[in-house]
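Here's the structure, in structure tokens; my notes come after.
Since the model is a prediction, treat every value here as computed from it, not as a measurement.
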Amino acid sequence: MGTPRDARRERLVALLVLGIGAVLLVSSPTWFGSGRAGVGAGQLVLAAALLGTGALLLRRSRAR
């Protein structure tokens, strides 16, 4: 038998991932303003991936 899932811990991890994604999203204009558009674009892609993953994890933790 596996260990029971801890919904509270799963929610906290999801919120952490969402928070990191939000910080990356908000701070990405700094890179565009400094002339490093490649870094800014990469940061936007990573932020979108983290926000999507965090939303999926949050929905999954609430479904159980």
Is it true that L58 and L51 fall in one hydrophobic cluster, defined by side-chain heavy atoms closer than 4.5 Å?
yes
Locate the shortest heavy-atom distance separating A14 from G54; write the atom from each residue and the value.
CB-O, 3.7 Å
All heavy atoms of R11 vs all of S61, minimum pair found to be CG-OG, 3.1 Å
From the options L18, L16, L25, I20, select the one residue that forms a side chain to side chain contact (heavy atoms under 4.5 Å, CB included) with L50.
I20
Closest non-hydrogen contact found for G40 with S28 is O-CB, 4.1 Å
